[in-house]
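Here is the structure we will look at, set down as structure tokens.
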Amino acid sequence: MSTLPIGVLGSGSGTNMQSIQDAIDRGELDAKIVCVIADVPDAKILDRARRHGIPADYLDPAPFKTKLEGPAEDRYIAHLRAHGAEVVVLAGFMRIVKPKLLAAFPNRVLNIHPALLPAFPGVAAWKQALDYGAKVAGVTVHFVDAGTDTGPIIVQRAVPVLDDDTPESLHARIQVEEHVAYPEALRLLAAGRLRIEGRRVLVAPETT
Ligand code: GAR
């Protein structure tokens, strides 16, 4: 397989993007982050990417607040294509991507969600789990479909919810697993080992 060119979309601190770059640097993931795009002008993910020499740009997502659609969606698609991205990785991108971008990268848009889907879709999922009284929380990496946090699941990792957890402490425990889960999902994708069958993602055995 050839090196997988990844475009990353983010809104925040970029620790997941960092975990992917670290896996590449360790030789565990045959991929290259070809560009990072943020929908927030001063998002830390941009500085993190630039420290690694990755082209990193803020692209205006207007006019919508919670989704990427219309001319902004076109700009994002054009930018990803111009940088040669073949896979789009949503890494803390706090905006719903719409069918045009999904069609531009069919079965090649991935998201990480800080809960064991289908439980707790949407925002601040770790807080939803804590408030609900769940005893187990976790992280899901999935292909993105037209719904919100509904696409076929690639990798999940669980963490316990402890009695003295705060939203922050639980999120921190989940993030440790996120930084394992995203490189793992991308490693399987880059190795051509994932096959989508209906809602299920089947993982082919490793060949040596
Ligand atoms: C992560 O916890 C990710 O799971 C979450 O945002 C955080 C981004 O952290 N994503 C969502 O809630 C998407 N609905 P990062 O910027 O440090 O990677």
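Everything numeric here is computed off the predicted structure, so don't read it as measured data. As the structure lists them, so they are numbered: ligands from 1, and atoms in each ligand from 1.
- The residue among T15, V8, V139, I174 with a heavy atom at the shortest distance from atom 15 (P) of ligand 1 is T15.
- In summary, D47 and K44 do not engage in a salt bridge, as defined by a charged side-chain N under 4.0 Å from a carboxylate O.
- Among all protein heavy atoms, the one lying closest to atom 9 (O) of ligand 1 is Q175 NE2, 3.3 Å.
- Ring orientation note: the planes of H171 and W126 are close to parallel, at an angle under 30° on the 30°/60° scale.
- Side-chain N or O atoms of Q128 include one that pairs as donor or acceptor with a backbone N or O of V123 at under 3.5 Å.
- Around the CZ atom of R195, the shell of radius 6.0 Å holds no more than 12 heavy atoms that belong to other residues, nucleotides or ligands.
- Ligand 1 has an N or O atom lying under 3.5 Å from an N or O atom of N16, backbone or side chain.
- For atom 8 (C) of ligand 1, the nearest protein heavy atom (residue, atom name, distance) is G92 CA, 3.6 Å.
- Closest protein heavy atom to atom 1 (C) of ligand 1: E178 OE1, 3.2 Å.
- With sequence neighbours left out, the ring-ring contact (aromatic ring centres under 6.0 Å, His included) criterion links Y132 to F120.
- A side-chain N or O of Q18 and one of H52 form a donor-acceptor pair less than 3.5 Å apart.
- Ligand 1 does not have I45 within reach: every non-hydrogen atom of the residue lies 4.0 Å or more from it.
- Note on ligand 1: Q18 sits outside its first shell, no heavy atom being nearer than 4.0 Å.
- The nearest pair of heavy atoms linking P167 to L130 is N-CD2, 3.5 Å.
- Compare P114, S13, P121, G14 by their heavy atoms: the one nearest to atom 12 (O) of ligand 1 is in P114.
- Under 4.0 angstrom from ligand 1, there are no non-hydrogen atoms of M17.
- The distance from ligand 1 to the heavy atoms of H113 drops below 4.0 Å at these ligand atoms: 14 (N).
- More than 12 heavy atoms of other residues, nucleotides or ligands shown are found within 6.0 angstrom of CZ on R199.
- If you look at H171 next to ligand 1, the close heavy atoms, those under 4.0 Å, all belong to the side chain.
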